[in-house]
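Here is the structure we will look at, set down as structure tokens.
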Number of protein chains: 2
Amino acid sequence: MSTAERKTKEKEELRALILKGAKKLFIERGIEQTTIRNIADEINYSVGTVYVYFKDKNSILHELHTLGFKQLGGEMRVLFSVSEPMERLAAIGRVYIRFAVDNPDMYDLMFNMKAPMEYLHRIEKEEWNEGKATFNVLKTTVEECIRQGYFIGHQPEPLSFAIWGGVHGMCSLYIRGRIRAVNLGDPEIVLIAAHEEFVKLLNKQ
Amino acid sequence: MSTAERKTKEKEELRALILKGAKKLFIERGIEQTTIRNIADEINYSVGTVYVYFKDKNSILHELHTLGFKQLGGEMRVLFSVSEPMERLAAIGRVYIRFAVDNPDMYDLMFNMKAPMEYLHRIEKEEWNEGKATFNVLKTTVEECIRQGYFIGHQPEPLSFAIWGGVHGMCSLYIRGRIRAVNLGDPEIVLIAAHEEFVKLLNKQ
DNA sequence: TTGAAATATTGAACAATGTTCATTTATTTT
DNA sequence: AAAATAAATGAACATTGTTCAATATTTCAA
């Protein structure tokens with residue numbers, strides 16, 4: 001291995017180390033409470049080094065958001081074994097909700113925070129590939145349902161968006177503390193019960 | 001009017017002036033870009049004065065959030081003239097979405113931001129009256145629908161929550177730039193079209 | 001009217017944050 | 001070993017929210 005190759009590898013490793021440290025802190029104490037100094041401390045490097053490997057905080061957050069989508073994508077992939085599309089549609093929602101409950105800060109970063117979108121804007125990229133890919137999993141399933149005779153009179157794309165919005169909204173209200181605040185009982189149970197009602201609505205002919 | 005009375009009134013006026021300035025800036029340049037110093041400048045008082053009238057930034061944001069709910073409540077109240085509950089249900093959604101599109105930062109503050117919830121936590125108040133009242137408008141309508149024979153087999157409270165979540169989710173994805181990012185066309189049009197699909201789902205027997 | 005007490009307002013100062021960049025340290029090449 | 005290149009550093013800056021001793025203003029009894 002040439003020196004140049006080794007150097008490239010070392011750089012990638014340090015980059016990955018920074019991300020690993022960032023993710024650790026950010027699961028431990030939340031994204032808002034994680035500073036660049038914390039991250040630098042965590043991995044025993046200086047603040048300056050972090051800025052050699054990432055242009056700014058948004059870059060780090062965007063990269064973590066991408067890792068989150070990889071994880072969610074993996075959890076969704078399993079569902080392609082569910083052959084009945086209506087059943088799969090419900091299962092996608094359950095996986096999505098489970099992900100939100102188990103990884104609230106990551107979910108928040110992926111679907112609520114401005115950082116990843118601001119990053120895309122800065123690098124002048126209009127495409128949000130991570131989001132589009134996830135949306136397509138849903139849309140493909142909805143289209144299959146339509147082919148089987150469900151959702152008659154609906155337009156697939158807006159309908160898919162409405163379904164995404166539906167599940168996302170419940171998760172967001174959960175994560176942003178609105179379920180707790182309206183006092184309907186244990187938030188996680190309310191969330192899951194609401195999703196069941198939502199699935200009932202979807203299943204009506 | 002006694003001196004004490006006048007003083008009380010003056011205090012209330014300055015308090016209101018601070019809120020007015022805060023709201024102005026915050027509509028003009030967004031909530032994240034509005035600092036306490038900006039607010040103080042805007043109304044020609046010092047930073048310190050703002051802190052005499054409000055304990056911290058969360059208090060200001062909470063009070064603005066309450067004003068937002070007053071406005072939304074007013075816009076909803078008109079809908080009690082719609083006698084058909086299923087029709088009213090759709091109309092509530094449209095009003096809610098219109099509010100979100102016309103007042104994105106206010107909507108964000110009311111339903112997404114942590115500040116108002118943190119304020120409640122600080123003053124050790126468990127009740128989120130603003131949210132509960134708005135939720136009850138929805139729940140009452142859903143219950144009426146059920147009494148008319150709609151939503152058979154559904155539980156009213158989780159169903160109401162699912163409907164809230166549904167509309168909120170679409171608004172949130174809109175406000176947090178996720179609709180634009182998935183590139184389905186003009187975001188506002190997508191939002192409205194998705195709500196129409198949502199209403200179709202609700203209207204199924 | 002006056003002056004002491006009460007009230008209201010001020011803005012400098014603090015800690016925490018993201019960010020920059022001249023300097024230092026380490027590594028590679030000659 | 002020296003020179004050239006690359007990597008890492010951390011002090012310094014601007015901007016936040018926040019505090020609080022100091023200053024200015026207002027009140028009201030004498």
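Letters go in sequence order (proteins before strands), and every chain restarts at 1.
Between A:Ile31 and A:Lys57 the shortest heavy-atom distance is O-NZ, 4.4 Å.
For the segment residues 112-123 of chain B, no residue has any heavy atom less than 4.0 angstrom from an atom of DNA chain C.
A:Phe54 comes within 4.0 angstrom of nothing in the nucleic acid, heavy atoms only. Residue-level contact check: B:Leu14 touches the backbone only, with heavy atoms under 4.0 Å from sugar-phosphate atoms and none from bases.
Nucleotide C:dA8 holds its P atom 13 Å from the CD atom of B:Glu12, rounded to whole Å. As rounded to whole Å, 15 Å separates atom C1' of D:dG10 from atom CG of A:Asn44. Remark: C1' of C:dT10 and CD1 of B:Ile43 are 13 Å apart, rounded to the nearest angstrom. Protein atom NZ of A:Lys11 is 9 Å distant from nucleotide atom P of D:dA8, rounded to whole Å. Separating the CD1 atom of A:Ile18 from the C1' atom of D:dA7 is a distance of 12 Å, rounded to the nearest angstrom.
Close to C:dT10, at under 4.0 Å from its OP1 or OP2, lies a side-chain N or O of B:Ser46.
B:Ser172 and B:Asn112 form a side-chain donor-acceptor contact under 3.5 Å, judged by distance and modelled atom types alone. Side chains of A:Tyr96 and A:His195: a donor-acceptor N/O pair is absent below 3.5 angstrom, by distance only.
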>> Each nucleotide in nucleotides 18-30 of chain C should get exactly one letter: B, S or -. Can you fill that in based on protein heavy atoms under 4.0 Å?
In response: BBB-------SS-
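Residues A:Tyr119 and A:Trp128 place their aromatic rings such that the two centres sit no closer than 6.0 Å. Residues A:Phe111 and A:Phe69 place their aromatic rings such that the two centres sit under 6.0 Å apart.
For B:Glu63 and B:Arg15, the salt-bridge test passes: some basic side-chain N is under 4.0 Å from an acidic carboxylate O.
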